[in-house]
Visitor: 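Next up is a structure, given as structure tokens.
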Amino acid sequence: TDSISPAPTRICILANSRKADRVGAGLMSQLKAKSGDSLEIIGAGGELMQEQGLQPFYDTSIFHPKPFVPFRSVLIEENNWWIWTKYHPATRNYTKPMHDVLDLIKKNNIVEQIQQHKPSLVLTIDHDILSFKIHRQISDLYKVSATSKPKQVHYGRFCNRYKPYQLDYLDHVLYTNPIEKSNWNFFKFPSTYIGQSSFEKAYRFLLERNGGDHLLTSDSVFVNRDHFYSETEQYIEAERSHFRKKFEIPENATVLFLAPGNEKGEISWSLPILNETANNFVKEYAKPYSNRLDSQPNDHFSVVIPAEKRVKKQIESKVKELNWACRVLTVEEDDVRSAQAGSDLAICYNGDIVTENLVNQLSTIVIQNMKKVEFYFMLSWNRFTNEANIIADGNLFPEIIEGQCHAEKLNELLTTWYENPAHKFWPLQGFEMYIHSFLPIKSKDMGMGTHHEYFSPDYLATQTLLELAQQTPYKDYSEDNLLLHDN
């Protein structure tokens with residue numbers, strides 16, 4: 001017990017995707033808040049992690065923002081070499097950066113540099129195959145060293161494909177998607193289900209702003225076990241009223257929430273399509289474009305476009321280039337979540353924002369630009385690309401991918417939802433039975449109560465990492481046995 005450190009002094013975080021940079025920055029902030037200035041974080045990351053003070057071994061900007069990677073029908077193992085070759089037509093956006101990083105690691109002796117820093121824990125985030133290869137190199141190096149081996153942890157989406165042999169180089173897995181093996185009787189990898197952080201943050205935002213503090217604690221949230229949407233409706237309505245009042249939008253106006261993505265390529269591809277879709281929709285139902293008897297004044301239609309700070313200038317510039325048939329608002333930070341509650345219909349580039357829409361009862365069409373061969377393999381292997389649909393195992397929020405994504409098809413779906421409001425609530429009814437799978441359970445109310453308690457994903461991830469780091473001996477084997485050697 002003397003060799004167990006009461007608090008880790010150094011942790012290594014390797015972010016292996018652009019999304020991992022966002023996750024890693026959040027974890028760095030949480031870890032520092034819990035451990036204070038005594039904790040040093042080394043590793044690899046992008047712009048957001050560097051803003052937290054990280055000096056990266058390599059930069060996450062080399063990774064594709066949303067690469068295709070199979071998870072359902074193909075064993076995700078390193079020895080499936082035919083999938084992970086550098087120029088495999090289906091997975092090249094996933095594998096080519098991996099090989100580039102592995103070459104960089106070898107050239108710059110990054111594994112040896114990590115060992116020299118003596119971290120208590122090495123955490124990899126996302127890109128399972130690259131992370132496994134890095135962990136294997138780290139494990140092999142420590143096998144021929146007297147230095148105490150750090151805990152090796154991976155933060156990924158799934159935990160359904162891990163094998164016992166991987167315990168050789170991994171101690172623990174944090175995962176965000178509740179797909180698990182059909183039979184855990186034989187083996188379950190040491191793991192912690194983290195859940196969907198975007199779900200908890202959107203839910204917490206609604207409650208904090210609209211009088212639902214009694215359902216919140218600093219590290220958990222309470223969710224109605226039977227009637228999630230019935231209970232949250234009052235908070236959504238309050239936030240909806242706040243948003244429309246702030247931006248002077250009539251209560252009976254129709255608001256389209258159009259999210260073009262958060263990467264330059266996504267924005268350049270999606271905004272022209274969203275623009276054409278919105279214009280077609282407005283011209284179908286608004287005066288003076290429409291001759292319908294039930295047509296509404298033009299000021300009864302608005303478009304809201306969310307923009308992250310780092311791409312806001314690009315979005316605003318692109319919006320100005322395009323002609324819009326109605327009012328357009330560009331919002332950021334808290335106004336984005338407020339707009340989700342205040343909107344009626346949504347089209348979003350695939351990402352966490354879709355899960356946030358789910359919390360706000362905002363039915364969403366999911367779009368994504370893929371190459372044809374990626375699209376084919378996605379349908380063959382994964383079936384769905386959005387996290388919410390994967391969890392529900394159904395295409396509840398329609399996914400319109402690649403060449404299928406054009407204004408006519410998107411407008412057809414919007415028109416159906418607009419003219420038949422019951423249709424836009426059917427996906428939400430389908431999701432309601434899966435709501436409790438989005439967050440990790442803390443305690444179940446088995447009595448007369450109405451709410452289960454769920455961990456905050458960020459809190460649970462941070463707490464798990466600190467507990468694992470504390471299990472690493474802080475003295476090397478050679479240092480711990482100097483007295484024995486001297487005598």
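Note that the structure is a prediction, hence the values are computed from the model and not measured. Just so you know, these numbers use all the heavy atoms, side chains as well, and skip hydrogens, waters and symmetry mates.
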Visitor: Determine which pairs satisfy salt bridge (charged side-chain N to carboxylate O under 4.0 Å, His left out) with at least one residue from residues 348-366, sequence neighbours left out, and list them in order.
Guide: K19-D352, R337-E356
Visitor: Can you tell me if NZ on K371 sees more than 12 non-hydrogen neighbours from other groups inside 6.0 Å?
Guide: no
Visitor: Is the backbone of K163 close enough, under 3.5 Å, to the side chain of Q166 for a donor and an acceptor to pair up by distance?
Guide: yes
Visitor: So I11 and M28, do their side chains get closer than 4.5 Å, heavy atoms only?
Guide: no
Visitor: Could you tell me whether R383 and D393 make a salt bridge, using a distance below 4.0 angstrom between a side-chain N and a carboxylate O?
Guide: yes
Visitor: Do Y203 and F438 have ring centroids that are under 6.0 Å from one another?
Guide: no
Visitor: To the nearest 0.5 Å, tell me how far K201 NZ sits from Q196 CD.
Guide: 11.5 Å
Visitor: For a quick check under 3.5 Å, do H88 and T95 share a side-chain donor-acceptor pair by atom type?
Guide: no
Visitor: E402 and N369: side-chain donor and acceptor closer than 3.5 Å?
Guide: no
Visitor: Kindly indicate whether the side chain of H154, heavy atoms from C-beta on, has any atom under 4.5 Å from the side chain of L174.
Guide: no
Visitor: Assign the ring pair F377 / W381 to parallel, tilted or perpendicular, where the plane angle (0 to 90°) is split at 30° and 60°.
Guide: tilted
Visitor: Could you pull out the closest heavy-atom pair between S220 and E453, with the gap in Å?
Guide: OG-OE2, 2.6 Å
Visitor: Is a side-chain N or O of K32 found less than 3.5 angstrom from the main chain of Q52, in a donor-acceptor match?
Guide: yes
Visitor: Check D171 with K149, please: is the shortest side-chain N to carboxylate O separation under 4.0 Å?
Guide: yes
Visitor: Rounded to the nearest 0.5 Å, how far apart are CD1 of I138 and CZ of R136?
Guide: 12.5 Å
Visitor: Looking only at heavy atoms, which two atoms of N360 and A202 are closest? And how far apart?
Guide: ND2-CB, 4.5 Å
Visitor: Side chains of residues 106-116: which donor-acceptor partners sit under 3.5 Å, not counting sequence neighbours?
Guide:
unit_1: Q113; atom_1: NE2; unit_2: N108; atom_2: O; d: 2.7
unit_1: Q115; atom_1: NE2; unit_2: S145; atom_2: OG; d: 3.1

Visitor: Looking at K313, is its backbone amide N or carbonyl O close enough to the side chain of S317 to form a donor-acceptor pair, meaning the two atoms are under 3.5 Å apart?
Guide: no
Visitor: I'd like to know if K309 pairs up with E332 as an ion pair, taking the criterion as any Lys NZ or Arg NE/NH1/NH2 lying under 4.0 Å from an Asp or Glu carboxylate oxygen.
Guide: no
Visitor: Which is it for I367 and L410 under the side chain to side chain contact (heavy atoms under 4.5 Å, CB included) test, yes or no, and what are the steps along the way?
Guide: CA-CA 9 Å; I367 63 174; L410 296 175; 3.9 Å; yes
Visitor: Look at the side chain of S131 and the backbone N and O of D126, then say whether any donor-acceptor pair between them is shorter than 3.5 Å.
Guide: yes
Visitor: Regarding H172 and S191, do their side chains bring together a donor and an acceptor under 3.5 Å, going by distance alone?
Guide: no
Visitor: May I ask you to say whether D100 pairs ionically with K96, meaning some side-chain N is under 4.0 Å from a carboxylate O?
Guide: yes
Visitor: Does T364 reach the main-chain N or O of L362 with its side chain, forming a donor-acceptor pair under 3.5 Å?
Guide: yes
Visitor: I'd like to check T9 versus S38 (side-chain heavy atoms, cut-off strictly below 4.5 Å). Are they in contact?
Guide: no
Visitor: Using distance alone, with no hydrogens and no angle criterion, decide if T385 and E399 have a side-chain donor and acceptor under 3.5 Å apart.
Guide: no
Visitor: Please examine the side chains of Y349 and P260, heavy atoms only from C-beta on, and report whether any two atoms are closer than 4.5 Å.
Guide: no
Visitor: Enumerate the residue pairs fulfilling side-chain hydrogen bond (donor to acceptor under 3.5 Å, both in side chains) with a member in residues 56-66, sequence neighbours excluded, ordered by first and then second residue.
Guide: N16-Y58, Q50-D59, D59-S61, K66-E266
Visitor: Do R209 side-chain atoms and E239 backbone N/O form a donor-acceptor pair below 3.5 Å?
Guide: no
Visitor: Is the distance between the ring centroids of Y162 and F132 under 6.0 Å?
Guide: yes
Visitor: Working to the nearest 0.5 Å, report the span between CG of L258 and CG of L274.
Guide: 5.0 Å
Visitor: For atom OH of Y376, is the number of surrounding heavy atoms from other residues, nucleotides or ligands below 6.0 Å larger than 12?
Guide: no
Visitor: Between N262 and R310, is the side chain to side chain contact (heavy atoms under 4.5 Å, CB included) condition met? List the steps.
Guide: CA-CA 8 Å; N262 52 22; R310 61 191 177 88; 4.1 Å; yes
Visitor: Taking the six-membered ring for Trp, is the centroid-to-centroid distance between Y454 and H436 below 6.0 Å?
Guide: yes
Visitor: Could you grab the distance from atom CD1 of I401 to atom CG of N350, nearest 0.5 Å is fine?
Guide: 6.5 Å
Visitor: Checking side chain to side chain contact (heavy atoms under 4.5 Å, CB included) between I13 and each of V153, L31, L121, V122, which is the one that passes?
Guide: L31
Visitor: Is V311 close to E263 at the side-chain level, that is, under 4.5 Å between some pair of heavy atoms?
Guide: no
Visitor: Salt-bridge test for E47 and R22: reply yes if a basic N is under 4.0 Å from a carboxylate O, no otherwise.
Guide: no
Visitor: Taking only Lys NZ, Arg NE, NH1 and NH2, and the carboxylate oxygens of Asp or Glu, determine whether K312 and E316 approach each other closer than 4.0 Å.
Guide: yes
Visitor: Taking it one step at a time, do D103 and V101 satisfy side chain to side chain contact (heavy atoms under 4.5 Å, CB included)?
Guide: CA-CA 5 Å; D103 290 342; V101 169; over 6 Å; no
Visitor: Taking S139 for its side chain and H135 for its backbone only, find out whether a donor-acceptor pair lies under 3.5 Å.
Guide: no
Visitor: Side chain of H406, backbone of K409: donor and acceptor closer than 3.5 Å?
Guide: yes
Visitor: Between D168 and K143, does any NZ, NE, NH1 or NH2 come within less than 4.0 Å of an OD or OE carboxylate oxygen?
Guide: yes
Visitor: Applying ring pair (Phe, Tyr, Trp, His ring centres under 6.0 Å) to F222 and H452, what does each step give before you reach the verdict?
Guide: CA-CA 6 Å; F222 289 86; H452 296 323; 10.0 Å; no
Visitor: Does Y175 have its ring centroid less than 6.0 Å away from the ring centroid of Y155?
Guide: no
Visitor: Please give me the minimum heavy-atom distance between L358 and A388, naming the atom from each residue.
Guide: CD2-CB, 4.5 Å
Visitor: Looking just at side-chain N and O atoms, do D458 and Q30 make a donor-acceptor pair shorter than 3.5 Å?
Guide: no
Visitor: Below 4.5 Å, heavy atoms only, C-beta onward: do K34 and Q463 meet side chain to side chain?
Guide: yes
Visitor: For the side chain of N389 and the backbone of L396, is there at least one donor-acceptor N/O pair under 3.5 Å apart?
Guide: yes
Visitor: Ignoring hydrogens, what is the shortest heavy-atom contact between F257 and V336? Give both atom names and the distance.
Guide: CE1-O, 4.0 Å
Visitor: Is it true that a side-chain atom of T91 and a backbone atom of Y94 form a donor plus acceptor pair closer than 3.5 Å?
Guide: no
Visitor: Do K442 and D219 meet the salt-bridge criterion of a basic N to acidic O distance under 4.0 Å?
Guide: yes
Visitor: Could you tell me which non-hydrogen atom of N357 sits nearest to which non-hydrogen atom of C348, and how far apart they are?
Guide: ND2-SG, 3.2 Å
Visitor: Using every non-hydrogen atom in the two residues, find where I353 and P306 come nearest and quote the distance to one decimal.
Guide: CD1-CG, 3.9 Å
Visitor: Rounded to the nearest 0.5 Å, how far apart are OG of S148 and NZ of K118?
Guide: 8.0 Å
Visitor: Take L123 and L27 through the test side chain to side chain contact (heavy atoms under 4.5 Å, CB included) and record every step on the way to the result.
Guide: CA-CA 11 Å; L123 170 70; L27 287 174; 3.8 Å; yes
Visitor: Is there a side-chain contact between I134 and I105, using heavy atoms and a 4.5 Å cut-off?
Guide: yes
Visitor: Could you check if a side-chain atom of V304 sits within less than 4.5 angstrom of a side-chain atom of L256, using non-hydrogen atoms only?
Guide: no
